[in-house]
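These notes concern the structure reproduced below.
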Amino acid sequence: MLHRISSPKRIIAWIILICCAMTVNAQVEVSHSKNNRMIKLFGNGESAAVVVSPEDFITVKKAAQLLAGDMTATGAENAEAVITDSPESRHAVIAGTIGHSRLIDDMARRGKLDTNAVAGGYEQYMLSVIENPVDGVEKALVIAGSDRRGTAYGLLSISESIGVSPWYWWADIPVKEQKEVWVGGNYVSQMPSIKYRGFFINDEDWGLKPWSSHNYERELGDIGPKTYARVCELLLRLQANMLAPAMHTCTGAFYSHPESKLVADTFGIIITTSHCEPLLLNNAALSEWDSRHDGNWDYLTNSKTIRGKWENRLNEAASFENIYTMAMRGVHDAGLVNEIPADKKATLLQQVISDQRDMLARHTGKPITEIPQIFVPYKETMDIYEYGLKVPDDITIVWVDDNYGYFKKVSNENERKRSGGAGVYYHLSYLGAPHDYLWICTTPPVLMYEELKKAYDTGADRYWLLNVGDIKPMELGIQTFFEMARDFNRFDAKTANEHQAKYLSSVFGQRYERDFKVILDHYYRLAWSRKPEFMGFECEWDDAAHTGLRDTEFSFDNYNEAQRRLADYRMISDMTDSVMHSLEPGYREAFFEMLAFPVKSAYQMNRKFLMAQLNHELLASGDAAGANRAARETDIAYDSIQTLMNEYNSLLDGKWRGMMSIPTGWCALYQNKPATTVTAGAGEKELDITLSDNAGFTDRCMVIDLTDYEFVAGASEHNINIVEGIGYDGHVIKLGEATEPVADATDLSGAKAVYTLPAFVADSIDVYVDAVPLWPLHDGRSTRIGVAVDDSVKVFENIFKEYSREWKDQVLRNGVVKHFRFAIDKSKTSHKLSLICGDPGMMVQKIIVDWGGLKKSYIGPAAPVKTGVMS
Ligand code: REL
């Protein structure tokens, strides 16, 4: 019996381009002319059938249908996914899941195919060209998968190789028309580094939700199955496997549209939930928990009702592939409501977990240890965990960052032995105290890599969840994260730093790689000292009535600090413009969405605030005409941001209408136009904000060139390296690897980086050491670095409380600075400044030595640029 799935309509206009070939999936070999080692995928009116056995998984059939659609989009005339065990096609792609595909199993039985390399594996596939694989087919590219996702990944790797990006729809990356395509290869994919890999759509109120409900899924008026089909297709194409759906109250709960879970399953996507949705229940949604009827969300007093809700949810959802959030928090992102001490909360949560596990075992009919469950020590839950909550051994502990990209802790020695292992929940976007960042993605890939590495090296390989806000414009961050999750060992700090420029150049042309690197280096570096969303400082999370704006503190007076920031932003904004204008027309939308919009918006946001600051400063100095001009610049920047967002929302005839706005969020002021004063009748004059000649000139103070060190290995055997891609000056010095043993920070004979200082005439010098605000790796570890001038050693140690004022300053500046005073032996002709490795993994991003000349500024004088990264 032959079932045919008609190919999806062509959705992308033909665009003829001769530029770059995709290199992402090197495992599928592609040729545009006859090649005897390959099959002809299509050309001259002929197309290979994409064949799947009828009894195979629906996810595999779906992937076959996607591939046939991609072939059509690429230029095939009669591409079809064919569901049959008796295909008839000269050349074919035959795909199947071992044990679920008669085609594959028969080939294996007849000795045509040896599936041992992936049989019994996890999300793996093998790919080979086989002559006469079955009657009716001369030659086939055969894909055998270990399971439904493995086979689907194999099929979609062909799509990517022939030029259909996983982002073809979400980022409008054009599909290149081809006349003739041959494909082949002999490849066995590895198991993914991370077992469960997905993203969390969060804080969708200002983007995904308005876009979906008023534009893409207007008929439903919500984020529902149509949107989730797109989301899940993206995840599958990115070789991810799980989704935490949107859960804010503006959106109907995921399960309120019953088809959504079916859609996810069709694409083979596992449903997981955020830290505050126990057993798949979104208690923030009235449809799920309405305190008017359901009473308090309190397990002490209302456990029967809560359990009833969970029972209903499991009745509805337990037959699908899910990962369950265990224990419970309060409503939405709040702590437990009952007024009991933390130790009693621990006892209560243990009871909750035990009741939940009984339910799970009952509803799934599986042994509890085989059901994927997570415990997420987020916010107060971490305190309860530390008070002694006993989390059953088979539950995966999902470590969280502090919402600003720094892991609060990772597994210690004992936790590493747990059978449930560990995972991570990491933010690219955040809504909440002490400050939101919801607009654009500015998390440097190197920070993400360094932090994930700590977690991975301590065993967090079970579950990686990325908070991606509205998905757009987070494309680059998402791409990097999933590539790391798929094969973490392919990365190191250098490849992480180069990854996005390389990725963009694989899409837009190799000739731009250098430009992309420069743009991204500056973009991430500038946002490192302050994200665009933080430009509206001062925002107190406990101050309900936000009282106006305070100026930013980048200095126009000292070190050209503000001028340089504006100039750098302007340079990369101009560079993105010139790249955009040189692109083939069909590529401009994708480029705007992925790079130009974030870069240009970040520039305008900085211009808006820095020019308002200049307006105040010039007015105070009596320059009313200059102040008037600065005020006008603020207005222009404000309007430019609106224009950029309008441009975004009107791209491609309004495809993304509603997606882009400035999220007002919970605690942010950057959306406003800062107050400026215009003096009537004073006219305007050109502003002089060019860099003055003394750029970087320092008097009676100096910035150490961090790259100019002598490494002394010492007894502790830690390595010391420069890591590029983070830090105020685009690099940091990293003292050892986080997972190495701790050394004595006061021991001058340990591993150290030594800098040579000149002679001083002063009696003492002040040394400011600015480090990346890392948390101690886990209990029993700290953040110690030895700082020595000649033989005098002092200790840098960052001890802080989350949610304190000092912590807020640290995460908003990505830096923590400590001050040390050292006496100077004036008879010496030079001195040695040493950084000694104490708690390994600590990173120093700036050292300023001051003997009476340091002036006020936001991050201090810039270091000499020597790494060759910045242009
Ligand atoms: O980022 C988080 O994990 C939490 O803050 C979210 O779960 C939550 O929805 C937050 O956006 C709102 O308060």
Side-chain angles (χ1 to χ4, degrees), residues 198-210 223 242-254 271-286 288-289 297 323-337 374-383 385 397-408 423-439 441-443 448 451 455 463-471 474 477-478 481 531 533 539 541-542 544 661-668 802-803 807-808 811-812:
F199 63 47
F200 173 27
I201 300 172
N202 192 215
D203 313 324
E204 67 277 10
D205 318 38
W206 302 273
L208 197 75
K209 162 72 187 179
I223 302 177
M242 78 179 173
L243 168 71
M247 46 73 78
H248 271 202
T249 50
C250 62
T251 310
F254 181 72
I271 294 301
T272 185
T273 49
S274 66
H275 47 84
C276 47
E277 297 168 272
L279 292 199
L280 309 175
L281 189 75
N282 175 358
N283 65 11
L286 280 185
E288 308 259 296
W289 183 266
W297 176 260
I323 299 171
Y324 298 94
T325 301
M326 304 301 281
M328 66 190 282
R329 301 190 58 216
V331 171
H332 193 174
D333 190 15
L336 282 177
V337 284
I374 53 168
F375 171 75
V376 192
Y378 187 72
K379 293 187 177 163
E380 84 295 339
T381 329
M382 176 76 96
D383 301 334
Y385 176 69
I397 295 187
V398 175
W399 300 114
V400 296
D401 70 317
D402 56 5
N403 298 314
Y404 296 89
Y406 299 100
F407 280 112
K408 289 167 65 172
V424 300
Y425 168 41
Y426 196 75
H427 289 76
L428 288 185
S429 158
Y430 174 63
L431 168 68
H435 206 302
D436 314 318
Y437 58 101
L438 298 165
W439 193 35
C441 182
T442 49
T443 303
M448 190 157 89
E451 287 296 293
Y463 175 106
W464 278 17
L465 184 69
L466 185 68
N467 186 322
V468 296
D470 296 304
I471 303 176
M474 302 282 164
I478 295 172
F481 182 85
K531 287 182 185 288
E533 292 93 336
C539 175
W541 66 88
D542 48 4
S661 68
I662 297 195
T664 44
W666 169 268
C667 187
E802 197 183 13
Y803 293 103
W807 169 74
K808 176 186 174 182
V811 289
L812 265 53

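Values below: all heavy atoms of this structure, side chains included; hydrogens, waters and symmetry mates excluded. Indexing begins at 1, ligand by ligand and atom by atom, following the structure's order.
Ranking protein heavy atoms by distance to atom 5 (O) of ligand 1, first place goes to Asp333 OD2, 2.9 Å. Of all protein heavy atoms, the one lying nearest to atom 6 (C) of ligand 1 is Asn202 OD1, 3.3 Å. At the top of the distance list for atom 3 (O) of ligand 1, counting protein heavy atoms only, stands Tyr425 OH, 2.5 Å. Scanning the protein for heavy atoms near atom 1 (O) of ligand 1, the closest one is His427 NE2, 2.7 Å. Of the protein's non-hydrogen atoms, His332 NE2, 3.4 Å is the one closest to atom 8 (C) of ligand 1.
Under the 3.5 Å distance criterion, the side-chain polar atoms of Trp297 are left unmatched by any main-chain donor or acceptor of His332. When atom types are taken as modelled, the side chain of Tyr463 and the backbone of Gly198 share no donor-acceptor pair closer than 3.5 angstrom. Judged by distance alone, the side chain of Glu451 and the main-chain N or O of Phe407 form a donor-acceptor pair under 3.5 Å. Asn282 places a side-chain N or O within donor-acceptor distance of the main-chain N or O of Met247, the cut-off being under 3.5 Å. Between the side chain of Thr251 and the main chain of Ala246, no donor-acceptor pair closer than 3.5 Å is present.
In terms of polar-atom proximity, defined here as any N/O pair under 3.5 Å, His275 does make such a contact with ligand 1. Looking at ligand 1, you won't find any N or O of Tyr430 less than 3.5 Å from one of its N or O atoms.
Residue Asn467 has at least one heavy-atom neighbour below 4.0 Å for each of these atoms of ligand 1: 1 (O). The ligand atoms of ligand 1 that sit less than 4.0 angstrom from a heavy atom of Leu431 are 5 (O), 10 (C), 11 (O), 12 (C). Listed by number with element, the atoms of ligand 1 under 4.0 angstrom from any heavy atom of Met247 are 9 (O).
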>> Quick one, Lys408 with Asp401, criterion salt bridge (Lys or Arg N to Asp or Glu O under 4.0 Å). Give me CA distance, side-chain angles, the key distance, then yes/no.
In response: CA-CA 6 Å; Lys408 289 167 65 172; Asp401 70 317; over 6 Å; no

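Ring pair His427/Tyr404: centre-to-centre distance not below 6.0 Å. Taking the six-membered ring for Trp and the full ring otherwise, Phe199 and Phe481 have centroids separated by 6.0 Å or more.
Ligand 1 lies within reach of Tyr378, whose nearest heavy atom is under 4.0 Å from it.
Among Val376, Leu438, Asp203, the residue whose heavy atom lies nearest to atom 11 (O) of ligand 1 is Asp203.
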